[in-house]
Amino acid sequence: MTSLFSLCLLQYIIIGAVAQLRPHYYSETCPQAESVVRDVMKEALIRDARSLASVMRFQFHDCFVNGCDASMLLDDTPTMLGEKLALANINSLRSYEVVDEAKEALEKVCLGVVSCADIIIMASRDAVALTGGPDWGVKLGRLDSLSASQEASDNVMPSPRANATFLIDLFAKFNLSAKDLVALSGSHSIGQARCFSIMFRLYNQSGTGRPDPAIEPKFREKLNKLCPLNVDQNITGDLDATPVVFDNQYFKDLVSGSGFLNSDQTLFTFPETKGFVQQFSSDQEEFFKAFVEGMIKMGDLQVEQPGEVRRNCRVVNSHRPASANTCKSIEEMVTFV
């Protein structure tokens, strides 16, 4: 009882925990978990196909900042600047409400069991599978962080101006290879990006006052019409020629000089990554295989830190000392890792 009561006083915060991730983690505690999330994602696809692309990229934006812990979902508080307004996220990430819907649906069937961090992993996989890409088994069992850091996100997340050398070095810090980088960049097979992200490519690449010479001329004309100098820079353009279908068209576009972002096209102009772009452009199954491997590796990123299963993905739980009776009721609802 003493040990249990001590845990209860912490309101089920796991101190310094690194979750032991495994497939079918919720098979006993919430066997409906994966089907509930997929159903929410199917509904989101019907409402707004673009939302799936947004949710799919949550995994990258979450896992690279102190591990896969749903820190990016936390709203700002008077004492904490969260990650939603970080440079790589503001006016870029959207569709947070889809995760809210998944969490609400899960809480109805399995109160206090499924973490927001795991929802991101499941929803990212489902976004790919539901738009024509591969499906795969995900490892689950993550905990949600107790805080977020706008500064940490700003220090890690790459700019659309990034070149392949920078990206290779960044991914290497997370034990992800150049092949992983190219495959995971294929997440841009679906979705859109803002004119803001390419204005420098069109009008002042590397401070030259000229467009990026890597852009195919006819494609540049198309982008000039979409994003003239006086454009509302929140106007969006397709990231590849089939923006609602997850396929290898993204890589075919890079080979033809029709990559939307600088951080995309640079993968074809840099020797260490060019071969993978060529391979994936001609072999979709090889791309799918490498993408799945990269997503699983990225999903394994963790940092030893306190964690919990949030009741609301946007805020941490209220942590107040509880009575022994309260502890017993909480014990019945929460699963420890």
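Owing to the predicted nature of the structure, the values given are computational and were not obtained by experimental measurement.
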Going by the rule salt bridge (Lys or Arg N to Asp or Glu O under 4.0 Å), which residues pair with E286 if we only count those two or more places apart in sequence or in a different chain?
K179
Using only heavy-atom distances, determine whether the side chains of Y25 and D118 contain a donor-acceptor pair under 3.5 Å.
no
Quick one: NZ on K42 to CG on L130, what's the gap to the nearest 0.5 Å?
6.5 Å
Which side chain to side chain donor-acceptor pair (under 3.5 Å) pairs, counting each pair once, include a residue from residues 148-162, with sequence neighbours left out?
none
Under 3.5 Å side-chain donor-acceptor pair for N89 and S92:
no
Walk me through whether L184 and E293 qualify under side chain to side chain contact (heavy atoms under 4.5 Å, CB included).
CA-CA 9 Å; L184 290 170; E293 291 174 354; over 6 Å; no
Evaluation steps, salt bridge (charged side-chain N to carboxylate O under 4.0 Å, His left out), between E107 and R310
CA-CA 10 Å; E107 289 296 289; R310 288 187 215 136; over 6 Å; no
Would the number of heavy atoms belonging to other residues, nucleotides or ligands and lying under 6.0 Å from NZ of K289 be above 12?
no
Side-chain (D247) to main-chain (G132) donor-acceptor, under 3.5 angstrom:
no
So does R311 pair up with E104, basic N to acidic O under 4.0 Å?
no
Hey, is the main chain of L261 close enough, under 3.5 Å, to the side chain of S197 for a donor-acceptor pair?
no
F200, CZ atom: more than 12 neighbouring heavy atoms under 6.0 Å
yes
Does a donor on one side chain and an acceptor on the other come within less than 3.5 Å for S145 and Q305?
no
For D212, the salt bridge (Lys or Arg N to Asp or Glu O under 4.0 Å) test, sequence neighbours excluded, returns R201
Residue list, salt bridge (Lys or Arg N to Asp or Glu O under 4.0 Å) with E221, at least two apart or on another chain
none
Which residues satisfy the salt bridge (Lys or Arg N to Asp or Glu O under 4.0 Å) test with R57, sequence neighbours excluded?
none
Can you list every ring pair (Phe, Tyr, Trp, His ring centres under 6.0 Å) pair that touches residues 76-134, not counting sequence neighbours?
F58-Y96
Flag the pair R220 and E216 as a salt bridge only when some basic side-chain nitrogen lies within less than 4.0 angstrom of an acidic carboxylate oxygen.
no
Cluster membership besides L87, Ile/Leu/Val/Met/Phe/Trp/Tyr side chains within less than 4.5 angstrom, sorted by chain and number, is none
Under 4.0 Å between a side-chain nitrogen and a carboxylate oxygen: does that hold for D100 and R314?
yes
Evaluation steps, side chain to side chain contact (heavy atoms under 4.5 Å, CB included), between C110 and Q32:
CA-CA 8 Å; C110 308; Q32 312 100 307; 3.7 Å; yes
Side chain to side chain contact (heavy atoms under 4.5 Å, CB included) with L226: which residues, sequence neighbours excluded?
C195, I235, F260
Sequence neighbours left out, what passes side-chain hydrogen bond (donor to acceptor under 3.5 Å, both in side chains) with T236? Give chain and number order.
Q192
Scan F280, F291, F288 and name whichever one has a ring pair (Phe, Tyr, Trp, His ring centres under 6.0 Å) with F251.
F280
Heavy atoms of A88 and H61 approach each other most closely as O-CE1, 3.5 Å
Can you tell me if N317 uses its side chain to pair, donor with acceptor, with the backbone of V309 under 3.5 Å?
yes
Please write out which residues are connected to V315 in a hydrophobic cluster, directly or through intermediates, given that two of Ile, Leu, Val, Met, Phe, Trp, Tyr count as joined at side-chain heavy-atom separations below 4.5 angstrom.
none
Give a yes or no on whether a salt bridge exists between D48 and R94, defined as a side-chain N under 4.0 angstrom from a carboxylate O.
yes
What do the steps show when you test L140 against E34 for side chain to side chain contact (heavy atoms under 4.5 Å, CB included), and what is the final call?
CA-CA 10 Å; L140 302 170; E34 294 193 47; 3.9 Å; yes
Does any pair with a residue in residues 251-272 pass side chain to side chain donor-acceptor pair (under 3.5 Å), and if so which ones, sequence neighbours excluded?
H188-D264, Q205-N262, Q249-D253, Y250-D264, S256-S258
Gap between atom CD1 of I120 and atom CZ of R125 - 0.5 Å precision
14.0 Å
Would D144 and K103 pass as an ion pair if we require N to O under 4.0 Å?
no
Test salt bridge (charged side-chain N to carboxylate O under 4.0 Å, His left out) on D75 and K84 and set out the steps.
CA-CA 7 Å; D75 289 339; K84 290 181 177 178; 2.5 Å; yes
Going by the rule ring-ring contact (aromatic ring centres under 6.0 Å, His included), which residues pair with F276 if we only count those two or more places apart in sequence or in a different chain?
none
Inter-residue atom distance F60.CZ - L301.CG, 0.5 Å rounding
10.5 Å
Value rounded to 0.5 Å, distance of OG1 in T273 from CZ in F268:
9.5 Å
